[in-house]
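Below: the structure, in structure tokens.
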There are 2 protein chains.
Amino acid sequence: MTMRLLPHPATEDIELTEVLRALSDPVRLEIVARLSVAGEMTCTVAGDDLGVHKSTASHHYRTLREAGVVITKQEGRLKYMSLRRDDLQARFPGLLDSILSATHPRLPVPAQP
Amino acid sequence: MTMRLLPHPATEDIELTEVLRALSDPVRLEIVARLSVAGEMTCTVAGDDLGVHKSTASHHYRTLREAGVVITKQEGRLKYMSLRRDDLQARFPGLLDSILSATHPRLPVPAQP
DNA sequence: CGTATAGTTTGATAATTGTCAAACCATAGG
DNA sequence: CCTATGGTTTGACAATTATCAAACTATACG
């Protein structure tokens, strides 16, 4: 029952244009809005009722991860995503906060334990 | 020698995802960085040494304008672009500032008079 | 071991996008 | 009126992207 981190860019390698592009898609922005409320979610929960196929959602998870917006850790069969708040704040101060305050999840999301 | 404003979205119609997408292109981000320093520029000056054809630059001006990032006014033959700082601040507080502080123009830009 | 669960990968497709080149339009100025 | 200037539009093309469906992988559990 070990825990693994999926590969993701180092903080200093996060590119502004890639972050902005990742967040410029409504589906991905919704995922990020949910993560900002829930703190940490499995892909299944994050992708619930998004209106896209699960493979499409999976593609969006990868886009967010490769842009440096989320980090994913695997525990057993589940993959938990969470926002890289501190890394983004260090790299682009205020950016994520300003985006999040303009965004609210369309769907109620379970609070983290 | 009258002055005309080109059509652009009302402040309340500016969409977050469209702003983010507009700013997610390196060429457009460079234009915006220049505008943030120069305050107001003609298209020719804004597009100087961007590394793209002038028709491509023109396409980027339109993208920025339609996303609500810049406003363009025409005086004679010249078109002056400037950032919609106040409108963006009203709509998405802190967003433009955080992006601008992560960006600096690659090229020295003449200060506005 | 066999099966169900969680999520990814691999086509395939349609739509969007960034780019250049050439033609075009509008205004200023001789 | 003619021409040069500043910028846009149109057409073409290659690359990227959002999407679905189906196949696949890996882990947990009985």
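These numbers come from the heavy atoms of this one structure, side chains and all, not from hydrogens, waters or symmetry mates. Each chain gets a letter, A, B and so on, in the order its sequence line appears, and its residues count up from 1.
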Evaluate the salt bridge (Lys or Arg N to Asp or Glu O under 4.0 Å) criterion for residues Glu75(B) and Arg4(B): first the C-alpha distance (whole Å), next the side-chain angles of each, then the deciding distance (0.1 Å), finally the verdict.
CA-CA 7 Å; Glu75(B) 283 181 36; Arg4(B) 280 178 306 166; over 6 Å; no
pair Arg106(A)-Arg34(A): side-chain heavy atoms closer than 4.5 Å:
yes
Minimum-distance nucleotide (side-chain atoms of Arg77(A) versus dC20(C), dC29(D), dT8(D))
dC29(D)
Assign Thr63(B) to base, sugar-phosphate, or nothing according to its heavy-atom contacts below 4.0 angstrom with the strands shown.
nothing
With a 4.0 Å cutoff (strictly under), does any side-chain N or O of Arg21(A) reach OP1 or OP2 of dT17(C)?
no
Distance check: side-chain N/O of His60(A) vs OP1/OP2 of dT19(D), anything under 4.0 Å?
yes
Does dT19(C) have OP1 or OP2 sitting under 4.0 Å from an N or O in the side chain of Thr56(B)?
no
Is any side-chain nitrogen or oxygen of Arg4(B) closer than 4.0 Å to OP1 or OP2 of dT27(C)?
yes
Whole angstrom is fine here: how far is it from NE2 in His59(B) over to C1' in dC20(C)?
12 Å
Taken to the nearest whole Å, CG/Asp25(B) to P/dG18(C) is 5 Å
Closest non-hydrogen atoms of Ala67(A) and Ala22(A), given as atom of the first, atom of the second and distance, are CB-CB, 3.7 Å
Whole Å only: how far is the CG atom of Leu6(B) from the P atom of dG6(D)?
17 Å
Under-3.5 Å donor-acceptor pair between Ser55(A) side chain and dA21(D) base
yes
Do Thr103(A) and Val32(A) touch side chain to side chain, with heavy atoms closer than 4.5 Å?
no
Could you say whether Cys43(B) or Gln74(A) is positioned toward the 5' end of DNA chain D, judged by the nucleotide with the nearest heavy atom to each?
Cys43(B)
